[in-house]
Amino acid sequence: MLVEERRGGTILHLRDLKKRGERIVALTAYDCPTARAEEEAGVDFILVGDSMVMAVMGEDTTLGATMDLLVAHTKAVRRGAPGTLTVGDMPFGSYQASVEDAVRNASRFLSEGGADAVKLEGAGPRILERVCALVESGIPVMGHVGLLPQSVKTTGGYRVTPASATDRLVNEARALEAAGVFALVIESVEEAVGRDVTASVSIPTIGIGAGRFTDGQILVASDMLGLTPGFEPRFLRRYAQLYDAMVGAVRSYAADVRSGGFPGRGQVYSPTGEDSR
Ligand code: KIV
């Protein structure tokens with residue numbers, strides 16, 4: 001495969017889009033069919049987020065995500081979207097304790113999961129040290145500032161970062177850029193923060209609840225597809241109501257089974273092997 005053909009599935013793609021002033025489209029995915037649909041629809045990158053344990057496993061926070069789980073889901077996403085930049089989200093506890101942990105665990109995303117890059121949260125001195133070590137090891141890193149779901153126990157909740165914190169976030173974003181991140185997620189900040197952070201760095205910024213002026217947008221796929229009824233944050237727009245569609249389909253199936261309408265003649269194997277419809 002020529003390098004140019006694979007460019008769409010590499011970190012260079014995001015840089016190209018930003019250079020051309022084109023908005024970056026991103027979604028999470030945790031499984032092969034969702035990833036396949038996202039690749040077919042042309043997303044620019046897929047994040048195998050640690051939000052998986054909330055969206056798929058019903059947990060209240062992302063803290064229960066593990067390396068084994070996320071690597072397995074990354075592998076599934078890679079199979080569904082072989083040509084799309086795929087980022088593995090480093091789970092809580094996989095990079096905080098030491099640089100060695102960070103390099104060993106991030107390497108698993110690439111070697112076992114088939115990811116193209118990893119994402120980690122925060123911008124403190126220890127995180128910056130991890131970013132430098134990963135980049136030096138040949139592992140592309142996406143940063144994440146603003147609301148940090150893995151720090152919910154220290155911050156006390158899921159809060160929107162106000163405009164008064166803009167200077168702090170700008171400094172964090174610049175420090176992450178200097179450490180070598182190729183792109184930056186900005187989560188749940190007032191719009192002015194998203195705008196000013198984006199203007200202060202040259203790497204692409206990807207917002208979730210960060211307003212209209214970041215270089216791209218990311219949403220949790222199950223939220224935008226309508227699989228999480230009752231979750232109604234201000235930043236979310238639903239593009240489908242799949243939960244309702246699932247309930248409707250299951251009700252129809254149940255009604256057919258109960259009435260003897262399923263299976264019908266078209267769903268049975270006949271001795272001749274002919275379609276008996
Ligand atoms: O885990 C996740 O889904 C994320 C997004 C919210 C960016 O980190």
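Computation of the quantities below employed the complete heavy-atom set of this structure, encompassing side-chain atoms and omitting hydrogens, waters and symmetry-equivalent molecules. Each ligand, and each atom within it, is numbered from 1 in the order the structure gives. Because the structure is a prediction, the values reported are computed rather than measured.
- Near His144, with a cut-off below 4.0 Å to any heavy atom, the atoms of ligand 1 are 8 (O).
- Within the listing of ligand 1, atoms 6 (C) sit less than 4.0 angstrom from a heavy atom of Ile208.
- Residues Ile46 and Leu85 have side chains not in contact (no heavy-atom distance under 4.5 Å, counting atoms from C-beta outward).
- Between Asp116 and Val87, the closest side-chain pair of non-hydrogen atoms is not below 4.5 Å.
- Checked by distance only, ligand 1 and Tyr30 stay at 3.5 Å or farther apart across all their nitrogen or oxygen atoms.
- Taking each of Thr62, Asp50, Leu147, Leu47 in turn, the one with a heavy atom nearest to atom 5 (C) of ligand 1 proves to be Leu47.
- Below 4.0 Å from some heavy atom of Gly49 lie the following atoms of ligand 1, by number and element: 1 (O), 2 (C), 3 (O).
- Annotation: the span from Ile208 atom CD1 to Ser51 atom OG amounts to 8.0 Å, rounded to 0.5 Å.
- Between Asp215 and Ile203 there is no side-chain heavy-atom pair separated by less than 4.5 Å.
- Remark: Leu147 CG to Glu187 CD distance equals 4.5 Å, nearest 0.5 Å.
- Separating the NE2 atom in His73 from the CE atom in Met52 is a distance of 4.0 Å, to the nearest 0.5 Å.
- The line from OG of Ser188 to CG of Leu148 is 10.0 Å long, rounded to the nearest 0.5 Å.
- Here is the list of ligand 1 atoms found below 4.0 Å of a heavy atom in Asp89: 1 (O), 2 (C), 8 (O).
- Residue Thr28 approaches ligand 1 through these ligand atoms, each under 4.0 Å from one of its heavy atoms: 3 (O).
- At the shortest separation from atom 3 (O) of ligand 1 among protein heavy atoms lies Ser51 OG, 2.5 Å.
- Near Lys119, the atoms of ligand 1 lying under 4.0 angstrom from a non-hydrogen atom of the residue are 8 (O).
- Considering backbone and side-chain N/O of Glu187, none are found under 3.5 Å from N/O of ligand 1.
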